[in-house]
Every structure is written in C-alpha cells, then in structure tokens.
Amino acid sequence: MKSILIKNGRIIDPSQNLDVQGNLLIEDAKIKGLCEATTTADEVIDATGLIVSPGLIDLHVSLCEPGFEEDETIESGTAAALAGGVTSLGCLPNTSPVVDDRSSAEFILLQAERAANCHVFPLGAATKNNEGKELAEIGQLVAGQAVGFTDADHPIENAEIMRCALEYTRMFDRPILNRPQVPDLTDKGQMHEGFHSTVLGLKGIPAAAEEIMVNRDIALAELTQGRIHLMCISTQNSVAQIRRAKQAGIQVTADVTPHHLTLTDQMLETYDPNYKVLPPLRSQEHIDALIEGLKDGTIDVICSDHTPHASEKKTDEILGADFGIIGLETLLPVCIQSLIIPGHLSWSELISKLTCGPAKILGLSKGTLADGADADVTLINPEIKYQLEPAHLKSSSQNTPFLGQELQGRAEIVIVSGEVRYRAEN
Amino acid sequence: MNIDHEYRTDISSGWTRKHILGLQDLSKDELNIILNQAAEFKRLAAIGETKLTPLAGTVVANLFFEPSTRTRISFGLAAKRLSADTVDFTASGSSLSKGESFVDTAKTIEAMGVSYVVVRHKTPGAPQLLAQHLDANILNAGDGTHEHPTQALLDIFTIREHFGKIEGLTVTLVGDILHSRVARSNIWGLKKLGAHVIVCGPTTLMPTELSQLDVEVSNNLDDVLDRTDCLNLLRIQFERQRGHFFPSIREYAHLFGMNKQRISKAKDDVLILAPGPINRGVEITPDVADGPHSVILGQVSNGLIIRMACLYLLHLQRTASLGIPG
Ligand SMILES: [Zn+2]
C-alpha cells in the first residue's frame, strides 16, 4: 500500500470546482483527498509553485502501431504523452490493419500495458477498414474495450452510413467522432483558401469544406439522437453551428487543437511543411471565433491531434509532404501561450478542457481528483521557460513547427495509477 | 577590347540580392536594374557583341524538375552568352518519388562546382527551399503555380520597350489566373512599376481574395478592351482543368479568345503578348497571333536577354560577397 503526499501545490480540479492551495494524498493507486501537510506518506513531493491537476486526457492521438512503426509506436507515443502530462489518451484506429475488430483493440491494450506509460483507450473504426462503406463490428469492439468510434482521418462521407453509425452506437452509449471535411472540396488542397493561398500559389481548402459536414452531422445527430463528436474544428461558422445545436439540445461535442489556436495560414509563407495540417491553419478571425467557442463552452475539449510522420514522409517540398504534426509534448505550453498568457481562459477553465471534458465524451471515470478516483495526477510548472530542442522529444517523429521556439510551462511530474512515471529533466 | 568595362556601368549598382525567387520580393529599383541591364545587353547584341565573358569559369546548373524545353533552352543559351559552363539536370516525374529528397539531388549537383542554380519545379516554394540549403545563387525558373519571375520580367520588358514606360499603362491579364505563376509574377512586377492591372477570365479561374493585390477583377473581356493598352493572353493549361472549370474550349474561345472582331474594339495601338506555347484558336486566333499587334516572337528573344541580365546580376552579387574585385 504505497502512499504519496503532494505538498503545497495549487490544486485545481474543475470536476469539483476546486482551486485551492493544499496537500493531496494518494494511497493504493487512488486519490485519498486533501490532507494536512504533516500527514505521513511513503513518498513526499514538494509541489511549491506547481499546479496539481488531474492527469491530462488527450481525446484522439495517432500511435501508428501496428503498421506504421517508423512514425511512432505505442511505447514511444505513450512516453511522449507522459512527457506532455497526458495520463490517458484515445488511440485512433488509423493503423494497418485498422482497429475494426475486437482482437485488434485488445492488441492496443496489450501493447499499452507492456509499455506501462499512460493509459490507452482504443477508439474503434466506425466502418470496416475505415472505408466508409459498411459498419465495423461495433459491438465486438465495445467488448474489446473501445470507447468511441471513428474513421480517424477519413471523414465519414456517406450520409446514410453516418446515420446508421449514430443510430447503432446509441445502443452502447458511445460517441461517433468524425473529422468534418467534404473530400470533394479538400482534394489536392494544401492550405486554407484565402489571400495567402492565392499569393503562394497553393491550392486552398475553403472553410465551407468543414462547415458543410458540420451542418450535416448536426442534422443527423438530431435525427438519430446519437452522440456526434466533431474533431479538430477550425472555422468561425463551425463554432456558430455547434453553438446553435447545443442550445437546441442536440448531442454534439467538439474539440480544437492548440496549433489551430496559435498559428495562422500566413505561416505557410515559408513553405515549411510543418505548417501543413488538416484542417488547415486558418486566419485570425477563425482563431478568434475558436477562442470564443472555448470560453462559452461551445468547444468542449482541446486535444493535440498528435500525428507523427517519420522525416522521410514529411519531405522538404510542401506538395509531397503528409499532413499533420506531433502535439503531445507541446499541448500544454501551446495552450498556455494561446489561452492563459493572453487571459482568454483561467487555469481552471483550461484544465477542464484537458481533463473532465474529454473524460465525459469518452465515458471514462478519469479526469478528476475526487476521493476514490484513480490516482492519475499531473504536476504542472506554469512559469518555466525553455527552448524546445529535438533532444527533448520522446516521440519517434519530430514534425512540429515549435522546434527551436521558446515555450512556457510543462509537466514537471506525472503520476499514473499512483506511481510516479515521469519527472522532467532540468 | 575589354567588353567587361564596356557594359559594367552604373546600371547595376545598388544590386545586392543573392537570389531571384520571385517578383513579390523585389523592389521597384531592383526591377528597374534588371530591365536596364537587359536593355544594355540588347544594345550590345545589336552591335554584334553576342559573346560576353563575365561568367567565364563559372558553372550554371539548370535543374528542371518539370519539363520545359523552351525555358530550358533560353536559360542555357543565356548562360553560354555570358561564357559560363552549364550542367543540365532534367528529372521526369517518376524520379521524384516520395522519400527521395529534392534538396539532396540539388546539393549533389552543387558539389560539382556550381555557383548559380536555375530551378524549375512543380512545387511552389522549391526555389526558396534551395536558397535555404545551398550556397549557390538561385534563380527561379517557375515553381508550380507560385511565380515565374523571368517570364514576367520579359513580358514587362517587352511592354516597356514598346511604350517606353510601364507607369500609367493598363495591362490586362486574360485567362487562367488561378493556375498561372506567370500571372502572379506579372501582377507583382506591373503594380510595383505603376501599371493598372486588370485580371480577366471566367470566375472559376480567378483565385480568391485577388482584389487584395490591388488589381481590378473582370469577367468580361469586351468590357475592358477599350481601356487596355496591353493584353497578356495566358495559356489555358488543359492538364490543370480537370474538366470542370469551364464547359468547353469553344465556349472559352467565344468569351475570352482574342480574335479579329475583338481587335477592332480595342485601342488602335493595343499590344498583344502571350507567354507561349499558345493554343492557336483558343486564346488567340492565328491571324491575330501573327498580326501587327502581336509581339509574341519578340518576347522570346527578350527572354534570352532578361535571363542574361538576371544571371549577370547574381554574378555581381556573388563576386562582391566573396570580395572579388569587379
Ligand atoms: Zn482534434
């Protein structure tokens, strides 16, 4: 029965509306609640100057195993998660083979257990082989502990299939996670369609490519009473539609990435493929709308959309480069840069988007420091400044535009299931 | 006679730029330096001085990752006129497969003693990428749908030659603006030199937010003809149409093709340019292409001297930066 006492931290737990200076006790892998500084424990951690948060939860992450181990493995990806303060993550089924049956979901769990870094929750394919044609064995996947269903980076294009998926998953009270992009409008697109795409001569992806499918998914969620979660929202009009749908009582939730809150399409001026992401980086007015959406609760979650690519896949020239950047290890500092420092969100509001927000969507009994909860805790140093160097990264891939930049804030100590699994090096 | 001293006058003083990547980057003064240097080379050619020696002993690499016989020949000849040695690299699409680094290929060629790299590539930004990774001076010979500075410079040079100025002229670019690197470079260059620019074509071939570049956007050629001093007819790139930007070639020619009837509605001294190869009967009818308003062949010979001017200026920058006395 190992116990840990975390002393003198600022304990922030949005699930209980808690923001106090105090001491937290962990015993036998469970939270034992607030206590006196004089309480005895096997291990004592001095958290002076640190924020004590429920372990962060990243709603959807690409771990690339099986099939794309040159980009990332479950072991390297979960190590990167820990270094980013993430204690639980949803693992996308964009693997080869695709996680569209029970045994493949169980393989993910087995590898995560072997890695013994953070908790991994498989997201099952919504359709067989992520092809959007026939439903995957969703009931079998639930038995294999899949917590949600998605075709990952493939938008579910066929409206009838989406309708069936939303109706079918209602039986299991699981969400469908969809990446809203109309493929006809994103075809060959490289970046946000606007002034900069015109000047740079790169084919644009209009905001409407996203908004059309957001609108459709909301209509289908209303029709079916199913739960739709919209991944990586990036436009002003998407936020407005989701806001209206929520007001109308439709079961829709949404997430946004830190990079879509910080970087604009103007960054593509350098033609650096590390700014090539899907949905594309957009203009400042879209960023402003996303931040408004976070403030008023329209957007429930911030997630990294961690998408590792080995360097040979993120080639020098922009047309040949794959979309996507890694994000687990920059999740916290980029949120601090875009939301805390400018004063858009309080710490408590930010932590709710990274803990109880995603836990609620995936139905996880995580993301809280309530008595008796699993002892997943992230100790955040909110002030520390450092330059992000390649050597810092635990991920197998280094496709991030934040390399070489000065960042503020990081996970200092990460506790998973009552064990200290990560300590930042100095 | 020492030709060097003959032409190295104050024309090119003030040139400090290492690369010519696009006209977006160049100032009005820099544009004028290139145009004036080209005029000087044209004057020398006219008096029979066609073989100059400033680049003797240097190597110019022509890296064409996208085929273009005309442009490659023009750059190759420009280098030879300046007495440079040239190496040519032409890659087919298949040898640019994923995983193979374009920068590595260029670095290998640079290691053969190359000082100047002329690059054409299907990817926008490819010349910028080489500028980051190579020591050589880079000259953009067309990068995807981004820029094609020497083509625009030769268009502008031809217009200036004809009218004696650029400032105050109205130049209309007609056709596929969306996919045209020539249009983008022309817009930057012409605007900086004081022209009024009209872009004209079907709505589906107009990029978004174009008017932010301070150009007039029109979808009706007949409406703008009588205000236009110079028409630049861009080539319809059938390979980029994917079959849905306009209903038929016939309809395009009907709405935007330059023919005898439209010439009659234009200004008497309207100048017609076409950065070929032209599709006869589509952008322009043969009688107009070969008629008195057309300077299409003049553009080709001006292309050579513009490319000479660009290479020469890059050479001046290089020798200055290496501390070699001029
Ligand atoms: Zn996301």
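The figures that follow rest on heavy atoms only: side chains count, while hydrogens, waters and symmetry mates do not. Lettering of chains follows the sequences in order, A, B, ..., and the numbering in each one begins at 1.
Salt-bridge check for Glu66(B) with Arg181(B): passed, with a basic side-chain N closer than 4.0 Å to an acidic carboxylate O.
Figure legend: cation-pi geometry between Arg120(B) and Phe64(B) absent, as NZ or CZ is not positioned both under 6.0 Å from the six-membered ring centre and within 45° of its axis.
Classification of the Phe102(B)-Phe65(B) ring pair by plane angle, with boundaries at 30° and 60°, yields perpendicular. Between His192(A) and His286(A), the two ring planes are perpendicular [angle over 60°; tilted spans 30° to 60°]. Ring pair His392(A)/Tyr386(A) is perpendicular by interplanar angle, where above 60° counts as perpendicular and below 30° as parallel.
A donor-acceptor pair under 3.5 Å is formed between the side chain of Asp176(B) and the backbone N or O of Leu178(B).
The closest side-chain donor-acceptor pair between Asn219(B) and Thr203(B), if any, does not fall under 3.5 angstrom.
Contacts between Glu147(B) and chain A at a heavy-atom distance below 4.5 Å are absent for every atom of the residue. Contacts of Gln212(B) with chain A are made by both backbone and side-chain atoms, with heavy-atom separations under 4.5 Å. When heavy atoms are compared at a cutoff of 4.5 Å, Thr270(A) approaches chain B solely by way of its backbone atoms N, CA, C and O.
Across Phe323(A) and Gln190(A), no two heavy atoms sit closer than the pair CE2-O, 4.0 Å.
For the set Val199(A), Ile318(A), Leu202(A), the count of heavy-atom pairs under 4.5 angstrom toward chain B peaks at Val199(A).
Within residues 188-195 of chain B, the residues having any heavy atom less than 4.5 Å from a heavy atom of chain A are, in residue-number order, Trp188(B).
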